[in-house]
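Accompanying notes for the structure given below.
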Amino acid sequence: MPLYLGLDSSTQSLTAIVAELEDDRREIVFQSSLSFDNDLPQYGTRHGVLPDANPAIACSSPLLWTEALDVMLARVAHGGVNLSRLAAISGSAQQHGSVYLAAGAEAALAGADPDRPLHGQVAPALSRKVSPIWLDSSTSAECAEITEAAGGAALLAKKTGSRAFERFAGPQIRKFFKEEPSAYAATDRIHLVSSFLASLLVGRHAPVDPGDGSGMNLMDLGASAWWTPALEATAPGLSDRLPLIRPSRTVIGTLSPYWQRRHGLPPARVIAWSGDNPCSLIGTGLVREGLAAISMGTSDTIFGLMREPRVDPTGTGHVFGSPTGAFMGLTVFSNGSLARERVRDGFGLSWTEFSRALEATPPGNDGRMLLPWFEPEITPTVISPGVRRFGLDAADAPANIRAVVEAQQMALARHSRWMGVNVKTIHATGGAAANRAILRVMADVFGADVYQFEVGNTACLGAALRAFHGDRAADGESMAWDDVVRGLAEPVASTRIRPDPRSHAIYRELMPIYAAREAEALKG
Ligand code: ADP
Ligand code: XUL
């Protein structure tokens, strides 16, 4: 029976899932996760980010991701599973992060010496030591320049699926070109995190898929091709430096000799990698229109499949490519888990105590409220962070805990209306989806049933399922996506949390107040 490996290189960790998949047999036979901060402390990251005095700057290290991949594939190889049956591998990665490689990188990857760790061999091939990641908000000037040169925000959004966003790869590339022109000139290829890690596996430059390519402000969403006006608005000579764009199901090569010799792995097929949200779309089983998932990982995101790209007229959200070949709507919040953690840690509590405090306070918090902008916020755009409290004593632990969770859920509900989905069922995923007290607030704010999943990391599961789908497609069998996700990427019926009508009524009254306070704060 064939095995499929999914990898997920997220903001804070790298996860691997090996699944046995064939017809009705769907079983996870191996799962492992490593934390960048704790397992590779030599890079000095905090929550996966390199410390910087400027709160607008957020970078990580491509060498950290490379070493993590080496450590993880050793674990997979020695995890007690017979990997001679490994048919295919695919991956998921945090979106938007960009990796800059010099000429000669491909030769270094193809000829990597299996007796030495890969990160040391990749190091000389980097034309930029760090990678700006999705938490970066330092490119407002470049966003404005690109918007103007590409014909305005509405056209950019219509063509690429999003107006210019600070964290997207295009504005980040422009900033690099402006600030370090000679390093830009020495750059031969610019990868996303997903296509960089895929390149390491196949030992040559990998393509990007439309799911992750649409997070760059550079891709023509309808054509799945680079959009020349955006490229020209971003940096000179960019078209020569970008990877190819290929469908998500594409076999991009086989596991290179480095991995075969170093870890004794077979020459398995490698399927194009994608972004974590597109992978999670598959891993939460959202292969039809009309359903929504909320992921509470480092970022909080809400997303769903779209058959046709309906771009957000308010400029809040994004339309990305979906691994199914259709599209997905997505709205992203940077103050997700780290904001919840800030409140929890501020009062010195455990998650259990956090949940108890949440359960002990009334829905609506007796009118006490906050705006949860501990760090720069993506939705709505808040470049200078600052928490605003309304009738709320900053020292009152339970009230602040309820206030942050309610604010985040109201923001999720309010800023996802543009997707045009009447949300009646929510598939909850990400680290914080383990917390049922938070999911109770979610159900009551949205007035929707909320479900949990057996597999916590649905982005990683989605990657394994995409490996399965791509492998079958390469053998000439085009599987229906319902069949791909069946049995594993399905919500667990017994986890259902039903909304309480009285609580929902309270939130319906609070929503306009929240909206007004948000609008007022943004004006200020
Ligand atoms: P990512 O994939 O972005 O790295 P994860 O989906 O692994 O993130 O989620 C990690 C986050 O989950 C942590 O930052 C932590 O705040 C949160 N988390 C873990 N357990 C709980 C819990 N019981 N309640 C709330 N949040 C939790
Ligand atoms: C998506 C986004 C985040 C990252 C990290 O647009 O910025 O969700 O993918 O998970």
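Atoms within a ligand are numbered from 1 in the order they appear, just like the ligands themselves. No experiment lies behind these values; they were computed from the predicted model shown.
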Proximal atoms of ligand 1 relative to [X] (non-hydrogen, under 4.0 Å):
| X | result |
| --- | --- |
| G430 | 6 (O) |
| E341 | 13 (C), 14 (O), 15 (C), 16 (O) |
| N435 | 24 (N), 25 (C) |
| T298 | 1 (P), 3 (O), 4 (O), 8 (O) |
| G297 | 3 (O), 5 (P), 6 (O), 8 (O), 9 (O) |
| S337 | 11 (C), 12 (O), 14 (O), 16 (O), 17 (C) |

*Is the closest heavy-atom distance from R340 to ligand 1 below 4.0 Å?*
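It does not, in that no heavy atom of R340 comes within the 4.0 Å cut-off of ligand 1.
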
Which residue holds the protein heavy atom closest to [atom], what is that atom called, and what is the gap in Å?
| atom | value |
| --- | --- |
| atom 4 (O) of ligand 1 | S10 OG, 2.7 Å |
| atom 19 (C) of ligand 1 | G431 O, 3.7 Å |
| atom 3 (C) of ligand 2 | S299 OG, 3.5 Å |
| atom 21 (C) of ligand 1 | W351 NE1, 3.5 Å |
| atom 10 (O) of ligand 2 | D276 OD2, 2.5 Å |

*Can you find an N/O atom of S299 closer than 3.5 Å to an N/O atom of ligand 1?*
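Checking ligand 1 against S299, no N or O pair falls under 3.5 Å apart.
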
*asked:* Geometry only, no angles: is Q12 polar-contacting ligand 1 at N/O separations under 3.5 Å?
replied: yes

_Contact summary for S214 and L221, nearest pair of heavy atoms_ = CB-CD1, 3.8 Å

_Residue part near ligand 1, for A432, under 4.0 Å between non-hydrogen atoms_ =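 The answer is both.
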
Any salt bridge linking [X] with [Y]? Criterion: basic side-chain nitrogen under 4.0 Å from a carboxylate oxygen.
| X | Y | value |
| --- | --- | --- |
| E375 | R342 | yes |
| E179 | R128 | no |
| R440 | E359 | no |
| D449 | R498 | no |
| E142 | K175 | no |
| R402 | D396 | no |

Atoms of ligand 2 less than 4.0 Å from [X] heavy atoms?
| X | value |
| --- | --- |
| T301 | 8 (O) |
| V332 | 1 (C), 2 (C), 6 (O), 7 (O) |
| H96 | 1 (C), 2 (C), 6 (O), 7 (O) |

*Quick one: does ligand 2 sit under 4.0 Å from the side chain of L330, the backbone, both or neither, non-hydrogen atoms only?*
side chain

*May I ask you to identify, for N277, whether its side chain, its backbone, both or neither come under 4.0 Å of ligand 2 on a heavy-atom basis?*
side chain

*Determine whether more than 12 heavy atoms belonging to other residues, nucleotides or ligands lie under 6.0 Å from atom CZ of R307.*
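Incorrect, the count does not exceed 12.
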
*To the nearest 0.5 angstrom, please state how far the CD atom of Q172 sits from the CE atom of M216.*
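With rounding to 0.5 Å, CD (Q172) is 11.0 Å from CE (M216).
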
_Charged tip of R344 within 45° of W351 ring normal and under 6.0 Å_ =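 Output yes; distance and angle both within limits.
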
*asked:* On the six-membered ring of F165, is R163 placed so that its NZ or CZ lies under 6.0 angstrom from the centre and within 45° of the ring axis?
replied: yes

*Are D8 and T15 linked by a side-chain donor-acceptor pair shorter than 3.5 Å?*
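Per modelled atom types, D8 and T15 side chains form no pair under 3.5 Å.
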
*Any luck finding a side-chain donor-acceptor pair between Q452 and R496 under 3.5 Å?*
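Side-chain D/A pair, Q452 to R496: absent.
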
_Among R167, Q95, Q94, closest by any non-hydrogen atom to atom 7 (O) of ligand 2_ = R167

